[in-house]
Each structure stands twice: as structure tokens, then as C-alpha cells.
Amino acid sequence: MSNDGPPTAPGQRVLASEFLTSADRLETCPRDDVPEVAFAGRSNAGKSSTLNRLTGRRQLARVSRTPGRTQLINFFSVNEGGRLVDLPGYGYARAAKSSREAWGQAVDEYLNRRTNLASVVLVMDARHPLKPVDRDMIEWCAGRSMPVLVLLNKADKLKRGERARVLRSVEAEVPPGILALLFSATTGMGAAEAIAAVREHLNREHPDGQSR
């Protein structure tokens, strides 16, 4: 298990969370009675490290040296309300085709039928953003008016000028209304903004005035 870097900076109000449960299909997911923010992305984009950074916990989500090890839908209860959901990564998993197909079906069912899904956080490698699978996820969310937060992780590996160029390029290509942030699970770059955005999604209200 790798170390995902230092915890979030002191004084920053993290999304304090605890592991709740894992599910291999929609039927075994927890009750859909609180809002959920799902984290999606390629298996080598750093989803688990991102979750650990935002929650201020070094090993809340499992971090592996081998991308593609998250094989279940993992749920984390946020202390102040709602849940964070770690979806199996796509595009890299080293497993039998039948297993990959099962994971894909579980994720598809979760995304399409989970009534309490408030938003999707799409984690990308800032050095290789907007792969076809990332574009597919953005298109799916746009078609359902689902809020999306794009985190361009590993931005610390780019020089400052390259970071700005990548951010401008992504902002120009995603639909209006999608927030894209330069982010680093290792250094904490962009963590405060990401935490604020996720917290807003967990607390946003339905048109009828009821919180999700």
C-alpha cells in the first residue's frame, strides 16, 4: 500500500468521513436516503488518494501500487451528512473479462438508477486529460443535468505554465457550468476548492426545497 502524501493542511475543514460498506451490485448498496457524491475516473488517475486528501485521512480509501484494484462500489459516510462513493476505476483493471463486465454493470446500474446521486467528481490525470472514457462520463452527466466537478489530479507534476495551459484547454472543451480544478492529492493543491464544491453538492436542494 502506498502513502498518499501528507494530510490536508491544518485548519482546512475536511470532509471527515468513515468507511460504511461495499457493494457489488445495486441491490446491496445502502438505502438511498442521503445525498451521495460519486468519484469516477481511470484507475491510474488517483481516485483513492483524492478521497483520502479530501477527507483528511491517509488510508480511508485503499491506495494500491497496482491501478485497478478497486473492484467494488465503496461507500463512506460523511460526518456532517451524506456519503462519498468510490466507483471502480475504468480502463485499466487487470482482471478477467467477466469480472470487468460485472463491475461495469454494477457501475452502470448505480449511475442510472441511484435516486440520491447528487453529483459526480471526475478525477483525471492532468498530464493526460479528457480520454474517451472521461468524455463519455461528461456526456452522460450533461445529458442528465448531473453536476460534475473535474479534478485534474497530479497537477504538481506539471510546470506552472503547463498547468495553466491544461486548465484552459479542459475548460474550453467541457460543457458550460462544469467546474474544473487543478488538483494534487500529494501536495493539497486545489483541495480547499474541491472540498467546498463537494460540500455544496452534498447540501444542495431539490427544486421542491428538500435537501438531497
Side-chain angles (χ1 to χ4, degrees), residues 2 4-6 8-9 12 14-15 36-55 61 63-68 70 84-93 104 107-108 110-112 117-202 204:
S2 65
D4 59 317
T8 304
Q12 184 170 299
V14 298
L15 294 163
E36 293 174 347
V37 171
F39 286 69
R42 287 177 58 83
S43 298
N44 53 353
K47 281 192 301 89
S48 295
S49 295
T50 295
L51 274 162
N52 291 343
R53 170 60 69 174
L54 299 184
T55 59
V63 180
S64 172
R65 289 187 175 90
T66 304
T70 301
L84 307 179
V85 183
D86 188 10
L87 300 177
Y90 46 71
Y92 199 99
V107 171
D108 286 346
Y110 173 86
L111 290 172
N112 285 292
L117 179 59
S119 70
V120 171
V121 176
L122 181 55
V123 183
M124 305 182 200
D125 187 327
R127 300 166 298 178
H128 313 287
L130 294 175
K131 294 292 187 181
V133 285
D134 298 322
R135 294 178 185 275
D136 288 345
M137 178 62 73
I138 290 172
E139 182 178 350
W140 180 90
C141 291
R144 291 158 179 76
S145 299
M146 176 68 62
V148 182
L149 170 64
V150 172
L151 295 184
L152 297 167
N153 192 26
K154 307 184 183 182
D156 58 299
K157 298 182 182 296
L158 299 174
K159 294 181 179 180
R160 181 172 298 181
E162 183 68 5
R163 292 176 201 165
R165 187 195 66 78
V166 169
L167 181 60
R168 287 195 301 269
S169 175
V170 170
E171 289 177 334
E173 292 195 52
V174 299
I178 290 182
L179 176 63
L181 295 174
L182 293 169
F183 185 83
S184 170
T186 300
T187 68
M189 179 194 307
E193 295 88 347
I195 289 169
V198 172
R199 180 172 282 119
E200 180 180 351
H201 291 165
L202 286 172
R204 73 189 184 93

| CG/L54 to CG/L151 distance, rounded to the nearest 0.5 angstrom? | 7.0 Å

| With L149, which of L179, V37, V120 fulfils side chain to side chain contact (heavy atoms under 4.5 Å, CB included)? | L179

| remark: So CD1 of I178 and CE of M146: to nearest 0.5 Å the spacing works out to 12.0 Å

| remark: Between F183 and A191, the two heavy atoms sitting closest are CE1-CA, 3.7 Å

| Approximate separation, where rounding is to 0.5 Å, of L15 CG and L51 CG | 9.5 Å

| said: Quick check on E139: does its CD atom have over 12 non-hydrogen neighbours (other residues, nucleotides or ligands) under 6.0 Å away? | reply: no

| Can you find a heavy atom in the side chain of L111 that is under 4.5 Å from one in the side chain of L87? | yes

| said: Treating R199 as the side-chain partner and V14 as the backbone partner, does any N or O pair qualify as donor plus acceptor under 3.5 Å? | reply: yes

| task | Please name the pair of heavy atoms, one in L152 and one in P129, separated by the smallest distance, quoted to 0.1 Å. | result | CD2-CB, 4.1 Å

| said: Donor-acceptor pair, distance only, cut-off 3.5 Å: does the side chain of R144 make one with the backbone of W140? | reply: yes

| message | So P175 and I138, do their side chains get closer than 4.5 Å, heavy atoms only? | response | yes

| field | Euclidean distance, T50 OG1 relative to F39 CZ, rounded to 0.5 Å | value | 7.5 Å

| task | Taking all heavy atoms of A126 and all of V166, pick out the closest pair and write down the distance. | result | O-CG1, 3.5 Å

| query | Would you call D134 and M137 a side-chain contact if the rule is heavy atoms closer than 4.5 Å? | reply | no

| task | State plainly whether the residues E171 and R168 are in salt-bridge range, i.e. N to O under 4.0 Å. | result | no

| Does any N or O in the side chain of R42 come within less than 3.5 Å of the main-chain N or O of M124, such that one atom is a donor and the other an acceptor? | no

| remark: Shortest non-hydrogen pair, A118 vs H201, comes out as CB-O, 3.5 Å

| note | d(C141 SG, D136 CG) to nearest 0.5 Å is 11.0 Å

| Of the options L167, D156, N153, which is the one that meets L182 in a side chain to side chain contact (heavy atoms under 4.5 Å, CB included)? | L167

| field | Spacing of NZ belonging to K154 relative to CG belonging to D125, to within rounding of 0.5 Å | value | 4.5 Å

| field | Reference residue K47; test side chain to side chain contact (heavy atoms under 4.5 Å, CB included); the match among V121, N52, V123 | value | V123

